[in-house]
Each structure stands twice: as structure tokens, then as C-alpha cells.
Amino acid sequence: MLIPHDTRIALETVVDLVNTAPESEQPGRGSPADALGGIEALYAFASRHRVSGVNELDEKDLRAVHDVRARFAEVFAATDAKVAASLVNALVAAAGTTPQLSNHDGYDWHVHYFAPDASLADHLAADCGMALAFIIVAGETERLRRCEAPDCRNAFVDLSRNRSRRYCSSRTCGNRLHVAAYRARRREAAG
């Protein structure tokens with residue numbers, strides 16, 4: 001599946017955005033904090049993802065981004081392409097999408113879907129929504145997944161050739177589960 005560079009960046013951004021939300025309480029671990037719990041965290045997120053045109057942010061922006069994040073989480077939980085498409089259509093329409101060609105910050109020509117004066121929430125809804133639309137149009141909604149590790153529910157986009165990725169990270173979740181399974185087999189063989 002060929003994905004343009006700007007779409008790949010937007011997919012990484014939406015995954016990171018969804019994964020900033022606190023998940024429900026885990027036994028023995030408590031409830032994790034919201035990684036976008038304040039204005040400084042919102043600035044850091046925008047900076048980390050090189051979101052252009054971010055000016056002054058306030059509590060209204062934070063609430064709006066939290067709302068967009070929750071709606072993107074619904075896309076990752078969608079049971080079929082029709083549901084996902086409906087959710088993405090609503091997000092993109094609410095953002096007042098205005099496609100424009102742009103070449104800035106050392107990037108070659110690419111399409112921005114947000115209006116030049118858009119809020120951070122509208123910027124994320126438009127660009128990330130269109131990236132998810134690309135996945136839906138390609139018939140690849142099954143690539144929008146949640147980690148299968150029992151103690152992790154992070155979102156990710158499975159871009160493997162055979163759509164076989166099960167964990168958000170093979171280094172952490174995947175490796176941890178493989179080591180646990182190995183140790184369980186060793187205990188069973190020893191016992």
C-alpha cells in the first residue's frame with residue numbers, strides 16, 4: 001500500500017493523538033494521566049508533530065482537541081468502513097476543510113486540508129481526518145487497530161504488507177508478551 005509522505009505523517013499524528021488519552025483503570029496500575037492534560041502538553045504535542053500555524057492556545061483549544069481526540073478514538077473502534085466513513089466525514093466537515101497546496105519548512109508540495117487560520121483542533125481534524133479517509137477509500141479500515149497486549153490499548157495503523165501486526169510496538173508490548181510466554185513454557189517444562 002503506497003502512502004504519500006504527508007498522509008503518513010498525519011497518520012502518525014492521529015495515532016499519537018489518540019494514544020494521549022487516559023485509558024480505563026487497569027488492575028494494579030490505577031488510571032494513567034491524560035498526556036494532553038494541560039496547555040503546555042498541547043504546545044509540546046503541536047511542536048513534536050510540527051503542526052504549522054499554531055499561535056496562542058488556551059483552555060478552549062485544549063477542550064476542542066480533547067473532543068477531536070475522542071472522535072478519532074471512535075474511528076479506531078469502528079466496526080466497519082461505513083461507520084468509520086461517517087465518523088470521518090463528520091470530523092472533516094466540522095473542521096471547515098479547505099484543501100490547499102503547500103510547500104513549507106523544507107517539505108515538497110503537499111496538500112493541507114485546513115483553512116490557513118484554523119484552530120489546532122480543526123487543523124488536526126482536517127489533516128488527520130483526510131489521512132484516515134485515505135485508508136477508508138483504499139478499503140483498508142482493518143489496518144486501524146488497537147494493541148492486543150492485555151495491559152495496553154494503544155491505537156496504531158498496521159502498515160505491514162500482510163496486515164499481521166498485533167502490537168503497538170514489537171519492542172515493548174510484543175517483546176514483553178513473547179518473553180512472558182517463553183517463561184511460562186519454561187516453568188511448565190520444569191514443573
If you look only at distance, which donor and acceptor atoms sit under 3.5 Å apart when one is on a side chain in residues 53-61 and the other is two or more places apart or in another chain?
from	atom 1	to	atom 2	distance (Å)
Asp58	OD1	Lys60	N	3.0
Asp58	OD1	Asp61	N	3.1
Asp61	OD2	Asp58	N	2.9

Next on the checklist: Main chain of Ala10, side chain of Asp127: is a donor-acceptor contact present, judged purely on distance under 3.5 Å?
Outcome noted: no

Item to check | Basic-acidic side-chain contact under 4.0 Å: Arg143, Glu140 | outcome: yes

Next on the checklist: Is there a path of hydrophobic side-chain contacts, each under 4.5 Å between heavy atoms, that joins Ile9 and Phe156?
Outcome noted: no

Next on the checklist: Can a donor-acceptor pair be found, under 3.5 Å and without considering hydrogens, that links the side chain of Thr20 to the backbone of Ala35?
Outcome noted: no

Checklist entry - Got a second to check how far Met130's CE is from Ile136's CD1, nearest 0.5 Å? => result 10.0 Å

Ignoring hydrogens and angles, write down the donor-acceptor pairs under 3.5 Å from the side chains of residues 77-84, residues two or more places apart or on other chains.
from	atom 1	to	atom 2	distance (Å)
Asp80	OD1	Lys82	N	3.0
Asp80	OD1	Val83	N	2.8

Next on the checklist: Rounded at 0.5 Å granularity, tell me how far CG in Leu62 sits from OH in Tyr43.
Outcome noted: 11.0 Å

Checklist entry - Are any of the side-chain heavy atoms of Cys152 and Tyr167 separated by less than 4.5 Å? => result no

Item to check | Exam field: side chain Arg69 to backbone Val18, donor-acceptor pair closer than 3.5 Å | outcome: no

Checklist entry - So, does His49 use its side chain to make a donor-acceptor pair with the main chain of Glu12 at under 3.5 Å? => result no

Item to check | Distance-minimising heavy-atom pair for Val111 and Pro99 | outcome: CG1-CB, 4.2 Å

Checklist outcome for this item: Distance col, row Thr97:OG1 vs Asp122:CG, nearest 0.5 angstrom, shows 8.5 Å

Checklist entry - Side-chain contact, heavy-atom cut-off 4.5 Å: Arg8 with Val157? => result no

Checklist entry - Rounded to the nearest 0.5 Å, how far apart are SG of Cys128 and OH of Tyr113? => result 12.0 Å

Checklist entry - Under the 3.5 angstrom rule, does the side chain of Asn154 hit a backbone N or O of Cys147 as a donor-acceptor pair? => result no

Item to check | Any residue meeting ring pair (Phe, Tyr, Trp, His ring centres under 6.0 Å) with Phe114, in chain and number order, not counting sequence neighbours | outcome: His112, His123

Checklist outcome for this item: Note: Ala121 and Val68 closest approach over all heavy atoms is O-CG2, 3.8 Å

Checklist entry - Atom CD in Glu40, atom OG in Ser47: separation rounded to 0.5 Å? => result 11.0 Å

Next on the checklist: Quick check: is Val137 connected to Leu87 through a chain of hydrophobic side chains (ILVMFWY, heavy atoms under 4.5 Å apart)?
Outcome noted: no

Next on the checklist: According to salt bridge (Lys or Arg N to Asp or Glu O under 4.0 Å), does anything in residues 43-53 pair up with another residue at least two apart or in another chain? List the pairs.
Outcome noted: Asp16-Arg48

Item to check | Test side-chain hydrogen bond (donor to acceptor under 3.5 Å, both in side chains) applied to Glu142 - qualifying residues, sequence neighbours left out | outcome: Arg163

Checklist entry - Between Leu124 and Thr13, is any pair of side-chain heavy atoms under 4.5 Å apart? => result yes

Checklist entry - Which distance, rounded to the nearest 0.5 Å, do you find between the CZ of Phe72 and the CG of Asp67? => result 10.5 Å

Checklist entry - What pair of heavy atoms forms the shortest contact from Val15 to Ala155, and how long is it? => result CG1-O, 3.2 Å

Item to check | Check: Cys168 main-chain N/O paired with Arg165 side-chain donor or acceptor under 3.5 Å | outcome: yes

Checklist outcome for this item: Result for side chain to side chain contact (heavy atoms under 4.5 Å, CB included) between Leu132 and one of Thr7, Val75, Thr141, Val92 points to Val75

Checklist entry - Mind checking whether Phe76 and Arg146 have side chains closer than 4.5 Å, heavy atoms only? => result yes

Checklist entry - Which residues satisfy the side-chain hydrogen bond (donor to acceptor under 3.5 Å, both in side chains) test with Arg63, sequence neighbours excluded? => result none

